[in-house]
Each structure stands twice: as structure tokens, then as C-alpha cells.
Amino acid sequence: MNELLSIGNLLYGGAAGLIVIGLFAVVARRHLIRVLLGVAVIEAGVNLMLVAAGFRPGAAAPIFDPQAISGPMVDPIPQALVLTAIVIGVAVLALGLTLAIRIHRQYGTLDTVALTRIVNAPAGSPESRAMMQRGGGGHES
Amino acid sequence: MNPEILIALPLLAAFLLPAARRIDASVGIWWGPLVVLANLVIAAMAWWKVQLIGPQSIALGGFAAPLGIELRADHLGLSAAVLLNLAVLLLWPRETPDKARVSTILLVLTGAGCGLAMSADLFNLYVFFELVAVATYGLAAANGKGEALIASLRYLILGALGSALALLGIALVYAKTGTLNLTELGGMSEALSGPAGIGALVLMVVGFGVKAELFPLNNWVPEVYAHTESRVSALMAGIISKLGILVLLRLIAEVFGGSPGLEFLLWVGVLGVVTGELAAYGAKDMRRVLAYSSIGQMGLVAVALALGGETGFIAALILMLNHLLVKPALFLIADAWPGSLKALAGKGRARPLGAVLFVLLALSLIGVPPLPGFWGKYLLLDAIFTNVTEGAGLLVGLILAATVVEAAYFFRIAARLFGSGEAAEESKIPGLPAVAALFVIAFLALSVQTGRVGDYLKEVVHGLQPQELRMAQSDFPDPAASVNGKGERL
Amino acid sequence: MIPSLDLLLALAFGNLGLMLLAGRNPTAGLLSMILYALQGWVLVMLMPALAEGAASGLAFQVFGWSLSWELNGLGWFFAIITVGAAFFSAWFAAGAWGVQGTRSPWAFHVTLAANVAAMLLLLASRDLLTLFIGWELVTWAGYAMMIQSGGPATRAAYKYLIYGVAGGLAVLAAVVLIQVQAGGLGFAAVAAWMPGISTGMLWALMLLLGVGFGIKMAFLPFHRWQAEAYGESPGPAAAFLGAISSRMGLFGLLILLVHFIGLARLDELLLPLIGLDARILWMWLSALTIIIPTFIALKQNDARMLLAWHGIGQGGYMLLGVLVGSELGVAGGLLHVFNYATYQAVLFLVMGAVVYRTGTAHLDRLGGLITRMPLSYVAMLFAIIGLAGLPPMNGFVSKWMVYKALLDEGLPLLFVAAVIGTLGTILSVFKLIHNVFLGQLRVEHEQIREVPFSMWGPMIALSLIVFITGYMPGLALDLVMVAQTSLGFAALDYHLGGFVTDTGNLNMLAVVSVLLLGMGIGAGIFLLGGNKSKRVHQLDNYAGGHFLTTEVRYHYSHHFYAGLLRLIGPWYITLIKRLEGGIAALTDTLAAGSDGLYRTAYTPILMLAATVLGLALVL
Amino acid sequence: MRQFASLLFLFGFAFFLSVLVGGLPFGAAPMQVGQAIVEQNIEATGAANAVTGVLLAFRGMDTLGELTILFVAATAAGMVVERRKHGVSRDSVAGFILLAGAELMFPFLLILGAYVILHGHLTPGGGFQGGAILAAAFFVPFLANPGRAFQGHAMAFVEAFAGATFILLGIFSIFREGDFMAPMFLGTGEFGQLVSAGSLPLLYLALGLKVGAELGSLVAEIAAAPGSDDPLIEEPQAAKDL
């Protein structure tokens, strides 16, 4: 039981679980906001895995304290990497959401099937024009 | 001149541009090209320095390699930097509504691309790769058309998912080895020969393959190229897809040479060639044909990379170089024609120069001697027959069958161009675009000087792997030998 | 000017450049004729240097391979024919035809120059890499020549291209395979390496190269592209293509089968189940290539298509002759290359002239032109006698040599097959000349005149060559022997009038003299003995008790040989046609599928699937 | 079918992921480089917080890259979004308590952000965290009252200045130390003091401002997009029938 619930299994298992949950959202959902959120969940899982890679049992956080006795410290590099990765994820997510808002405004849908049909329709075809009208004249303003 | 400036200067300029634009609106127009031009000069100087004194390793911030981030000022990195700056300068988009923001994005793209070309640190590669990716999401949406936005969002989702997987791969590598420096990782092939290392390679191929247009991570390619300005399509198909390959090239040359995971890249490449060429055969408008053909070409590059060895790498480089010059020119030439293939009839008689050059460039993609594309294909086949022990016939057969399909659709277009149609009335169509002419001239120079370029590419590949070249099918070299090799590196 | 290969190539490429710049000028045809004549002169001057090989100073270093060129006897023989065919084609196009007859004389002159240059480059190759480069250039130059007339020619050329590219890539695969395995690409090095390789490897190489070269030669079963592609080309282009273009495939096959593998090794290569050896296999393929296309030619109603189908069949004699392996057979096969080029060029030129005047080559819409275009008629008469392989023309000599060689070597079945092919040829050339020149002149053609000298000149000159080399085959055998010895065979014992072998000899001087004497006597009796015929208009006559009117056709041309064709049946062609259609349909389906794959809405699933399958593949 | 396939592949992925992760040495991190950094950090950078040392000194280029990503994402978002006139939002203005609370929190958030940024080299925290707090200081009031004008002009200058400072400090070090982005040209200083660890505090300040400004402008871009009448999260009918 202890074996199974060791901190390592919890961290790595949790990370893998987050990745799989996020992947489910990405592959099985049609709504693009959900898909984007799925990507965010995957990133969280990957970040967790990265941090877990620097774990050492009983080690301190990598901040030196002149008063404290210097013991082993955890690896500071993954922590820095994760900081960077989080910010990158935020930036991409924000850009994706902006695009999604704009698309929704123009076409009135974020359904991936409908959007694929629009983007693959030959220019000027009835399909693309119909979708434009449905979205209303919002984007001329 | 320090090669780091190649990264710093465009980023600095990009940071300052939004503020400068508020002082004087015209800054948004000339600022970007000017800075890229300056960057090009610096890149050329740095490239020349490498020619004189050989490849250099740069410890960023003065922290020596494994601790800090290492930049490689080597033949490959600086050649790519020069080409990137040149391509961005030539293919600066014109028809965008928001010039200042596009300038900012392109400046970032330039700086990040230079960083990507030189970085020798796994995570730093990832950061620059993401930077390039975000910049291209922006570029893809730059013209503000609804379809372009959709294409950009779909591209972003694929890209973000791929990046997450690549990061997972990097995490695996780090957890296994505790280092991110490529040189040091190259000496740890023992640790990376287990499932974690192989799996990491697969994940990174998936992640970086999104940008490199590898099958099946490339669904964004036809959508994006069909709806962006032709210059942006040319830029993305021409040089940015090569940056993804460049990352893979460095990884394979320095760390994962001979890894069983390369078989994945091999099949991804073959399927890319086959599906890309077939889809191009089925496509009905020019932009899509060119986009699909790009997928096929990148598939060839991937096959060459996966085979590795000197021949494989040179084949990959020459195929990339060929595609880099040919595809932008094709996009630009085709820009003056109607998009639908049906409407092309007789257009070649109205614009014979453009049409003839279109055919010539297509011939190089198909691989007709003595054009550079032929040498790429020849070396690729050479690498296959040399390195693949089983199934070489199948591989060659698939690739060559795809090439026949490629010739079929390009010459269906050519026949239509020179076929009968109402050509006479449209003689007012402008001639060859100047930028396309530049690409064509560069292409012709490459065709004439293939021998010299080949010699240089050999040097590039040797600069990539100073220690003994690892053959694709051989086992990992023993660690001691590669440590020795590492000592002499750079 | 010192004659050298460099000079030859410089002339050829200089001609190409000149035509690119000045091809629209009315004098362009004349200029290019001069340049072809100069190339011919250089070739003749090169003859003594051939024994050691006439090397070129042109050399490139690419990726560690050095490319250089050297002309040997075999290449020289083909080069002479190439330049000659180009000369006569250019002559035909230089005057009236070139100025008014085609959409763009510029396109014709440029593509002709490009073809000649590419072929010379190919024929002067001394390793497989340069061979392949030349090969591809020939393919694309040929394509450019075929598309120039537009319309249906574009479709035909497209088909040619698909076949040509596929064949070229098969060659490429073989070249790279050889380079990797043998470590070198020089002809000598490869020939030295070949004996040591395994049987499986040999079969693989023979298949790849054989398919590649065979496609160009329109060897069965890859013959479907050629007739349409050549037939739809404009007159002089068809003449050039028909005369020599496909023979590049023969050139490649000769290098492969004779120089690389060797006939002896071919004998040892046994097919797994049937026990047939590879040489017999090739010979039977050659025989089928003679017979089947020849009988397809019978069915054609377009004169140019009929000729083009014949062109395919005649290729079979050449390879068949060489594969016999005796001095006589090889000489016969190679001589047939020369002879065939002469009369095929004449035939296409004549049809070009007919099309120039009447606007059609459809056999149902022609007839009786003998009175309007007598010179063209004479030229065609000479040429079809040559094509049919009857004395006194040159086609008879080479075919006779092949027959005799087959019999001498104890291959009677193949002999019968070859003769059946000749029978088909005779039937169809009769159909040709009958439907075009004999019989009833159509009303709409009553006003036409003979073509100008610029067009009948080359026709007549070439048909004289057809006759003279039939009368004195030794003249052509001089050229053939250069190629024959270069291939490594012993020279044939020949003289001006024919040849001498252990089992018999042939002296055309005597044969033709007797023939001419007989004809002279006949003509004398006819002319001196009171030629009382009176010339009347063709409708000033009656048939079946009725006066003739323009609506009544008394010239039988529709469904010529209908009974015979019902007997033969079309099964053999539809099989390959269906295969072709099947491959096209499969490609279309796969293309639609791939396109759909890239239009899927669920792109992340593909990525996930790729990742999972990739991990499963490598872990 | 599609759902089935995706589930199948998900299980496959989960399986392979467990195989990959199972092979990792948990708790026994190799620390090939990490150990060296822990040992050399104080000497090399003078920063008590080793993460800061890694982030700004050892891997400064990554940090530059990431803040550029934020910047370029904000720029691209600004390009994509269609602007709405100020004050015509359909989103309702918050109630009094929220409005007043947001105004009230502004100075506290500002100070907290500044503190976190400036002590980044000594304690947990730093430019990103502090920058996020700074951004929050600005957009909490904005969220409470979406119609109010956003200080785009000032923001642009802060953005430009902060980003440029980061790079210029790097370029400056070329002249002092010979290396790009060498942070120690100001000397490591006395360990544990606020003014120590070379240019790290300066870098962190620039980083914090930049991150704050970028996050702020990203939120502003999203907020500036005209809202839609339809709720955004709305699963299509077909997908609900799973």
C-alpha cells in the first residue's frame, strides 16, 4: 500500500493523469474553448512532471539561508524551467482565446466541424458566404 | 561581432517598436525591414568569421556550457541565420492591415529564428521554438480574414498540443540525465537508449514536427497557406518549416544518432511524402497544390534525416535548400494567376516567363537532373540503399511512386498553363514579381554551383558532428569514445 | 576548329541558345540546318578517334562524383542518326512549313535543338550518372517537343510524361543501387562488377533498368504511350521523334544487356518456374513487340497513328537482332536502327506534307493525291517498301539479316514471329498508301498543289538514301561496324553490296540490278509497245452502269481489313488498357482520400494516433 | 467511431506514458547540472534564491525568450482583436462594493508586487510572480468596471522600456564582461542584501514590469474584443449525444 501511494507514484501518476485528461478534452471535444482548456491541462501535467524530476527526498527548497544548516537541496533547474513553461503556456492560451473570441464573433460558432468546413470551402462558395451572414455584419464595424 | 546580437537586436527593436510607433506612425513601416537588414549584415559577418576561424561555442552570460546555455556559432546555425534574415527581408508582407504589429512579429520571428538556429540547449531550443511558433500563429492571422483566423486557431491548437508533448519529451530527457546541454547529452547515449530516451525522441519529433510539416501533424498547412498572403505562405513554407527541421537535425546529429526512435521519423517522412503528393494530385486550387507539395518535400527531408549519416544529412540539407528557394518563388509566381486550377487555361501564354520558370522550378522539385532537387533525391536514395538493410526496396518504391504522382500533377498544371484559353485579352498581367526573380536567380546559382554548395554542406555536416559520424543503423558508440570526442569538440 | 566532342556539344548547345534567341526569325531553320550539318561533319571527323573513345574536356565535380563525357562507337552510331534526322527535320521545317504551318516555328526549332543536345549528351555518357542525366534531359526535351502543337497532343504527351518519369525513376533507383553496391558508376567499373553479383540482384537491376529503358523504347507492355505521343506531334517533330527518339531506349538496353550483363550471363539466368532463360525471354518480348503493335497499326484510321504504331513494332527487330548475338544478327539489328530512321522520317514527313496541304491525316478523308502530289507519292512509295522490308530498299537488307541470323542460330519460331510481323506491316502500309495517294481524289482536294521544295527536298533526299543504302548496304554497314565492334562483337564480313557468311551471302548490287533490269524491260514494253491510255477526269467514268457523282465513293477505304481485324480480336490491348485505367483510378481514389485526411476536423486525434503508434513502433 | 478511436488511443497513450515514466529514477534526480549550480550559485551570482540564479543568470536567454513570447502573444492578440469603442461595453458594471474594493486594493497590490519583484533574488518570488500581481493591480479595477479606459499609451512605454532594459543590460555586459547577458558586472555584493547579486534585481525589475504590462495588455485585448450575445461555452448538439 505504501509502495503504491509513494510520493513518486502520486506525483508522476498525477502528472500522467492530468496529461491524459487534457488529451481527452483535446481529442474528444468539438468545442474549441474546451480544446484549448484541454491543452492547458496537459501543460499543467507536463509541468508537474518536470518539477517532479527535480525531487529529492528530504531536500530543502533551493534558497540559501545563512542561518540554516546547509543540507541537500532539490534541483533548482526544473523549477526555473517550469516558471518559463507556465508563462509560455499562458501566452499561447491567451492568444488562442483571443482568436476564439474573434472567430465566435464572426461566425457564431466554435464547433470544430463547422469551422473546418468554412476554412476548407473554396473561396466565394455558398457555404462560406452563408456562414459569414450567420455571424452578422459585426466585423465590418 | 558577437552572434548573440543576432538574437538581441531584433528583439530589442521589436520591444521598442510599439512605443516608437506612438511617437511617429511611419516608424511602423520602415523600422522592421531596416533592423532586419542590419541583422542580415551582422549575420553575414558572423558567418564569414566562422568561415575564417571555424565554429565557435558561446557560453551565454559567461557560464560555461553545462551550467549555462550554449550557443553554437557554427556553419549550420549561421547559414540558417543568414538565410532566415534574407528570406524575411525579401518576403516582408505588404498587404497587411496592421503594419506595425506585423513588423513587431516579424522582428521577433527573426530574432527567435536566429536563436533557434544556434541554440545547443534542449530547453532553450524549446523556448525559441515556441517563440517562432507564436509569431507564426500571429502571422497566419495577420490579414484579418475570417478563414485565416480559423486556420490560425486550428494551427495554434495543434502547435500547442505538439509543444506540450515536446516539453514532455524534454522533461523525460531531463529526468533521465539531469542535463539539457546537447553536447553533454551526446555523451550520455547510454542513459538515453532506454524506453525513456526513445519515447522522448518520438515525443519531440511529434512536437517539433508540427512546424516542420511532418505527417500527420501538418493538417494546418493547406488551411493556413490557402488563406494567408502569398508572401506569408512563402515565408512559412520556405524558411520557417526548415527551422523545425533544423531542431530535429541538431538533436539527431548530436544526441539521438542511431536511436531506434528514428524509425518513427522515417515512417512519418515516408507517409508524408506519399499523402502529401497524393493530396496535391487531388487538390483543385493552386495554393493547396503548393502547400501539399511542401508537405511531400518535407517528408523527403524527414526520411533523409532519419537515415542520418553524412549522406543522409547532406541529402536533407540540399533538399531543404532546394525547397527553400523553389517554394517561395512558386508561391509568388502563382500569385498572379487565378487560384482555381480550372481557370489556369492559357495563362502561361499570357505570361510565358513566369510559366516557364514555374515549370523549371517544378522540375527541380520533381528531381530532374541537373537541377539541385535531383541531387537531393539521388543522395536520399543513396542513403536509403546504404543504411536500410530490410525494406529498402519498399521505401524507394514508395518514394519514387510519389514522385511520379508529383510529376503528374505539376505537368497537369503545366499543360493547362500552356493549353488553349482566353489568353490574349489578359496580356496586361504584370510580369514576374521582382522578389520571385531574386529567388529564381538564387535557385539558378544553386543549380550551377551545386558542386561547391555540396562541398560546403559537407563541411556543415562535419561541423555538426566533430566526432566520428555515427551511422544510422549502428549501435550507440561506447560512452568513453564519445567523451574523448567531446573533448576535441569545437 | 579541331573536331572534338567538346566542339560537338558546343555546336549542339550553341544551336539551342541560338534558336532560343532567334527561333522566330525566318532564317532560323536554315541556320539550324547549317549547325546540324556542322555537327554531322564533326561526328564524321571524330570517327578515327573512337577506338580510344573521344573524351570531352567538360567535367564537373558534384558531391564527390565527377561527371564527364566520352563518346564511343555505339554512341557515335546513334549520334550520326540523331544529327541526320535533325538535319532533315529542320530542312522540312525551314521553309514554308515553318513560316506558316505551325503554331510556333520557334517552339519546334528550340525543342529540336534541345532534343539533339540532350541526346548527344546521353550518347556521350561514360558512366551511369551522366547516362541518367542525359536520359532525363531526353525525356523532358521529348515532352517539350510533343506538347508544342497543343490540343490532343497535350494529353498524349502527358501520358508519355507519366510513363517517362516512372521509367526514369526506375533507372534512377537502379543507378543508385549500383553506386552503393559497386562503389562506382563508370561503365567499365560496372561491367567489371556485374559478374560477381547474385542472381537476385541481377534480376532486380535488369528489371529496373529494363523497365526504364524499355518504356522509352515502347517495349511491350509499356507501349501504350508512344503512338499517340508521336502521332499527335507536328510533321517534322514526329519525323524526328519517330526516327530516333525511342532508339535511346535501345541504346540503354544494349548497354545493359550486352555491355553490363553480357549475353552469356543472360543465358544462365533462368526464370524460376518455366525454365526459360532471360535471353529467350527478351527475344520473345521483342517478337511480341513486333507483332502486337503492328497489328494494332492495321486498325488505325489516322495515318500518323498508323505510322507511330509501326514505329513501336520495328523496335522489336532491332533488339531481336542484337540478342541473337551472331555477327550477322547484331549487324542486322543495328543496321535496322539506321534504315528504320531513314524511312520512318520520310513517312512522317510525307504525312506532314499531306496534312500541310489537306489539313487532315484521316485515312477516310484522303485519297487520290498521287495526281496532285506526285513527289510526295514517290517518297512514300520508297519508304513503305523499306518499311515493309522488300527489295530493293534498305529495310529489306536489315530484316533479311535478322531472319537469316535467327535461322542460322536455330530459332525458327522467332523467325516465324518476325515474318508474321512483316506480313502485318505489308498489309498496313498498303492500306496507308492506298488510302492516301491512290483511288479517288476528293473534290475538296482537287485544287491542291505539290508542297514547295523546302518540304519535298528532304523527303526525296531521304528516300534516295533509303534506296541507295538498299542498293549498296555496305555504305551503312560502315557505320554499323563502328558500333558493333564497340559493343564487343566481331565485325561482319561485308562489302559494298552486302555480306558474306559461312551459310550464304547477299549481294544487293546483283539483286537490285536484276530487279531494275526487269522493271526497265517492263517499262520499255509498256512505253514503247504503245501506251494508248487516255487521261480523263476521275468522274468522267461509270461503274455498275451508273455515271459517277461526287457523292458516290468508289474508293473503298472504310473498315479496311475489317474481316482480318475481327479475327485478331482486341483482347491483348484492352488488358493493358484496363490496367492503366485501374492505376489511374486508384491514384484518384488515394488522392481524394489523402486530401480528405488533410481536411479532417479532428486534427489532434491524428497527432495522438501518430504518437501512440510511433511509440508502439519503436518501443 | 471517432469517440471510440480517441478512447482507444488515449488508453494506448496512457499505457505508453506509464511505461516511459516508470523508467524514470524518481527521488534520485541525476542533478548532473543542478548539483553544480546549487554549489556554485552563491559564488557565481550572489543570489540566495538559486531558482532566481538559474532563471536570470544561468538561463537568462530562456527568460528573455519567454517574456518575448508574452510580448508577441499580446501583439498578435492586439492584431487579431477588433477594437470596441470605450464605454460601450455590454458587460455590466460591478456593484459598489466590488468597485470600491478594487480601487482600494490597487495600492496594496502595487506595493506587494513591487516587494515580490525586488526580493526575487533573496526569497521565493520574483519578476513573474510580482509582475502578475502588478498586472492584477491594474486589471482588477478594470474588471470591476469594464467600460473604463485602459492606459494603453503609458502601458506601451512601460512595455518598451522594460523589455529594452532587459536586453540593454545584456548588451551592456558585453562591454563590461565580454559576454552577452552576463549579469555580474555590478559585482555580487554582500550576500543576502537587497542590493546584491549583480544586476539580477535590475533584471527582475525590468522583467516584472514587462510581465505586468504584457499580462495587463493581454487581458485588455481580450476585454476589448466586443462581447457576444451567445454564451461562449456551448457544446454543439452533436457532441452532447456522446
Side-chain angles (χ1 to χ4, degrees), chain B residues 2 4-5 7-8 11-12 14-22 58-63 66-69 71 98 101-102 104-105 108-109 111-112 115 119 121 123-124 127-128 130-131 134-135 137-138 141-142 144 149 152 168 172 175-181 184 191 194-196 199-200, chain D residues 16-17 19-26 29-37 40 44 56-66 68-69 71-73 75-80 82 153 156-164 166-168 170-171 173-174 177-184 210:
Chain B
N2 294 33
E4 304 98 299
I5 300 298
I7 306 168
L11 294 192
L12 180 63
F15 286 153
L16 291 177
L17 179 55
R21 182 172 64 109
R22 280 165 201 271
I58 296 156
L60 271 174
F63 299 102
L67 295 188
I69 292 172
L71 285 190
D98 195 341
R101 282 203 172 86
V102 169
T104 311
I105 292 176
V108 170
L109 180 68
S119 181
D121 182 283
F123 191 78
N124 194 237
V127 171
F128 279 127
E130 275 296 283
L131 196 41
V134 174
Y137 306 149
L149 295 177
S152 171
L168 180 60
L172 287 174
K176 195 79 188 169
T177 63
T179 183
L180 293 164
N181 183 270
E184 206 167 34
Chain D
F16 284 116
L17 197 59
V19 170
L20 295 183
V21 170
L24 294 179
F26 182 77
M31 287 193 61
Q32 185 96 1
V33 178
Q35 190 60 44
I37 282 183
Q40 299 173 20
L56 291 180
F58 294 105
R59 306 190 67 85
M61 190 55 102
D62 282 354
T63 307
L64 174 60
E66 75 175 285
T68 316
I69 290 182
F71 168 70
V72 76
T75 309
M79 190 171 61
V80 165
E82 12 173 79
H153 205 70
F157 278 98
V158 171
E159 254 183 82
F161 171 74
F166 198 91
I167 296 180
L168 286 173
I171 294 178
S173 77
I174 293 183
E177 301 264 301
D179 289 309
F180 180 62
M181 299 189 88
M184 287 307 120
K210 181 86 178 161

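Reminder, nothing fancy here: chain letters follow the sequence lines and each chain counts from 1. Computed from heavy atoms alone, side chains included, the values below leave out hydrogens, waters and symmetry copies.
Residues B/Leu16 and D/Ala164 share a closest heavy-atom pair of CD2-CB, 3.6 Å. Pairing each heavy atom of D/Val80 with each of B/Ala141, the nearest pair is CG2-CB, 3.9 Å. Minimum interatomic distance between B/Glu130 and D/Ile69 (heavy atoms only, all atoms of both residues): CB-CD1, 3.6 Å. Considering all non-hydrogen atoms of both residues, D/Ala160 and B/Ala19 come closest at CB-CB, 3.3 Å.
Of the two parts of B/Leu17, neither the backbone nor the side chain holds a non-hydrogen atom closer than 4.5 Å to a non-hydrogen atom of chain D. Of the atoms belonging to B/Ala20, not a single heavy atom falls under 4.5 Å from chain D. Only the side chain of D/Ile167 comes within contact range of chain B, with heavy atoms under 4.5 Å apart. Contact annotation for B/Ala196: both backbone and side-chain heavy atoms come within less than 4.5 Å of a heavy atom of chain D.
Ranking B/Ile58, B/Leu180, B/Asp121, B/Leu149 against chain D, the residue ahead of the rest is B/Asp121, based on heavy-atom pairs under 4.5 Å. Your options are B/Ile105, B/Leu109, B/Leu67, and the one with the most heavy-atom pairs under 4.5 Å with chain D is B/Leu67. The candidate from D/Gly163, D/Ala73, D/Ala77 with the greatest count of non-hydrogen atom pairs under 4.5 Å with chain B is D/Gly163. The choice from B/Asn181, B/Leu168, B/Thr177 that makes the most heavy-atom pairs within less than 4.5 Å of chain D is B/Thr177.
Remark: B/Phe128 CZ to D/Asp62 CG distance equals 7.5 Å, nearest 0.5 Å. Here the straight-line distance linking atom CZ of B/Phe15 with atom CG of D/Leu64 works out to 5.5 Å at 0.5 Å rounding. With rounding to the nearest 0.5 angstrom, the CE atom of D/Met79 is 9.5 Å from the OG1 atom of B/Thr104. Atom-to-atom distance recorded for D/Thr68:OG1 and B/Leu11:CG is 4.5 Å, nearest 0.5 angstrom. If you take CG on B/Leu60 and CE on D/Met61, they are separated by 4.5 Å, rounding to the nearest 0.5 Å.
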